[in-house]
Amino acid sequence: MDVNTYTKSRELFERALKVVPAGVYGHQGPAEACFIPADAYPYFSTHAKGSHVWDVDGNEFIDFMCAYGPISLGYCDDEVDGAAIEQIKKLNCATTPSGIMVDLAELMVETVDMADWSFFAKNGNDATNYAVMVAKAATGRDKIILINGNYHGVSPWTQLYGYPGISQADVSNNIYVDWNNFEQLEKVVSEHRGEIAGFISTPYYHPVFQDNVLPAEGYWQKVRKLCTDNGIVLIVDDVRCGFRLDMKGSDHYFGFKADLSCFCKAIANGWNISAICGVDSLKDAAASVMFTGSYWLAAVPMAAAIACVSKMQRINAPVVMQGIGKKLTDGLVKAGAQHGFDLRVSGVPSMWYMRIANDDSLILHQEWVAECVRRGIFFANHHNQFVNCAISDEDINKALEVADEAFRIVKAAHPEIGR
Amino acid sequence: MANINLFAILRNLEDLCEMDAETRSIVKGKKMSIQFTVKGGPSAVFTVDDGKCALRRGNESCDIKLYFTSPEHLNAMFDGSKNPIPLKGLTKLDFLKGDFIHLTKRLEYFLKPTDELLADPAYLKINTYLTVYTAGFALEQIGNYDSKGILNASRIPDGVISLSISGGLPAVMLEAKKGVLTTSKGVAASARAYMTFSSLEVANAILNGKMASYSAVGSGDFVVKGFLPMLDNMNKLLAQIPEYVS
């Protein structure tokens, strides 16, 4: 099996280092993205189609990260991109918004079970920021309850004191509880009665570096009641899970109703838009919050979102993606076991998390993932993976073939495995 | 800062005596022990024994006892603006005014590099060793005593972090156990997370702030692997070092 080389990626990176902080910053950069070892990974792409991406060196990858989630239907989906291109010819950014904003809001309200209204922005971080502000505006309270380890973006309130750039004041209104620990949450609410504006969480626990954990039986229903009884706004950060579990929203999937739901990634198949959906009782508070941006009402991403959400509904994308994920992960676990590796898969199959559990350092996992990437199967090391609807059986078979070879290579370097 | 001055900076004299003949010659044939006692701060014993230096935490029977009214007082002695209060060994204070000053001046020479000095491979080697050790031992002090550092240390999962140069020394191991950090010198036989500089030059450039660590990860000059949440939180302690050591 051929192994990738990345000469042009590295040349570009050298240029980038001179003019861009860290060369490539944030979650797509080699440091934050945990490219271990760095020489196994491409740094820059040229083009993509369906489930495949090509890098600047001409290496082809089946991409199981899907741009960290936005690619839901497959790269450069003709229907979605076609809608965007048609809209470009008419209008994008203007002094007053295009009427398709109303079309998209209506579509979101029709699609998402809890939604009575919809508000649009650009990134998931905008959505969670806005949701927290709406909760505070609606309740007149300051405090927010968060789950330890959850990710809600990069705004100061979403980070921890002690991190670079984060002051104590930034997080002074945060209260943290553990996932699935209803008693702890109940205690915190009781101790801060009348002070808590909102409870924000992802639909299930999907942090990096840890096995993902689904909600315990009845957890969300008890949380819903607790929030209702105490006038707390229940915010679901559906940025990552949204439309990969259920077209009606992940709260619907888990059998409860959120007050505010934040969507982004899957909504427009890579076009830049996010959405916040809310219940009617919060609409006035939402209107009162001054929160906007130069490009938030741009029409082209809205046209893409309309096409994307419509197509995802038509093909029942969450079911398609979960089926693909199940087939692939079953095969990966089996391939690992054949070589003596305990590959643990957790979360929902359309965005599964995996790790090799034979060691507690994750070094075996990092070695295995690196061998997969070198052979054209793009997995992330410690983030959950993502499925898109364009992944074919042929892609899955290829991925399993590469995974098997990668397991064999790592086993050869660690003959003690499986003894 | 008092902890850093003693256990991250002054401690380097142990290594400098081994690496630098001139430092060794200052204490050749000498035997002396100095107790540092700081009200509301750390206690340490610095010993000299025929060309070797050592620093230990705590109190011992010593030739000279120096008392400091506060951590700030100790820090002021290190920057040369205040004198200690000698409680014992008044007849031996010549050592403090002479050899001890020479030792610390020599240490300062190696810890305050210039581009010209770093062009000398021998200097670069010693500076890198001392800088790695200073960073390693400063991590322990910041993580265990600085209020923000305690918070970040508490987030480091249990285990050993290896910080080294590719192929061996200098190397330090940082063990995290329930939020308490312990640094020791040497290459870890087994660690849960690794940070490895590709060369002495790269280590020197990164630790002296001339090369960005994030860039070096991308270029492969700085290799990280293993349980990265340990490194992620340790990095936040590393970022605090310039607040104390400049």
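Letters go in sequence order (proteins before strands), and every chain restarts at 1.
- Put simply, CD1 on A:I166 and NZ on B:K236 are 9.5 Å apart, with the number rounded to the nearest 0.5 Å.
- Contacts of B:N235 with chain A are absent, with no heavy-atom separation under 4.5 Å from either backbone or side chain.
- Using a 4.5 Å cut-off between heavy atoms, A:Y163 contacts chain B through both its backbone and its side chain.
- Looking at A:Q168, there are no atoms closer than 4.5 Å to chain B (heavy atoms on both sides), in backbone or side chain.
- The closest donor-acceptor contact from the side chain of A:Y43 to the backbone of B:G218 lies under 3.5 Å.
- In terms of heavy atoms, B:F227 sits closest to A:F209 at CE1-O, 4.3 Å.
- Of the two parts of A:D39, neither the backbone nor the side chain holds a non-hydrogen atom closer than 4.5 Å to a non-hydrogen atom of chain B.
- Interface remark: A:Y161 contributes backbone and side-chain atoms alike to the contact with chain B (heavy atom separation under 4.5 Å).
- When all heavy atoms are compared, the tightest approach of B:R192 to A:S361 is O-CB, 3.3 Å.
- Note: A:I36 CD1 to B:K225 NZ = 9.5 Å, rounded to the nearest 0.5 Å.
- To the nearest 0.5 Å, atom CG of residue A:L362 and atom CE of residue B:M230 are 11.5 Å apart.
- Smallest separation of non-hydrogen atoms from B:V217 and A:A38: O-CB, 3.5 Å.
- Proximity to chain A (any heavy atom under 4.5 Å) is shown, for B:L228, by both the backbone and the side chain.
- Rounding to the nearest 0.5 Å places CZ of A:R10 at 9.5 Å from OG of B:S219.
- Neither the backbone nor the side chain of B:F222 comes within less than 4.5 Å of any heavy atom in chain A.
- If you take OH on A:Y25 and OH on B:Y214, they are separated by 14.5 Å, rounding to the nearest 0.5 Å.
- For NZ of B:K82, the number of neighbouring non-hydrogen atoms (other residues, nucleotides, ligands) closer than 6.0 Å is 12 at most.
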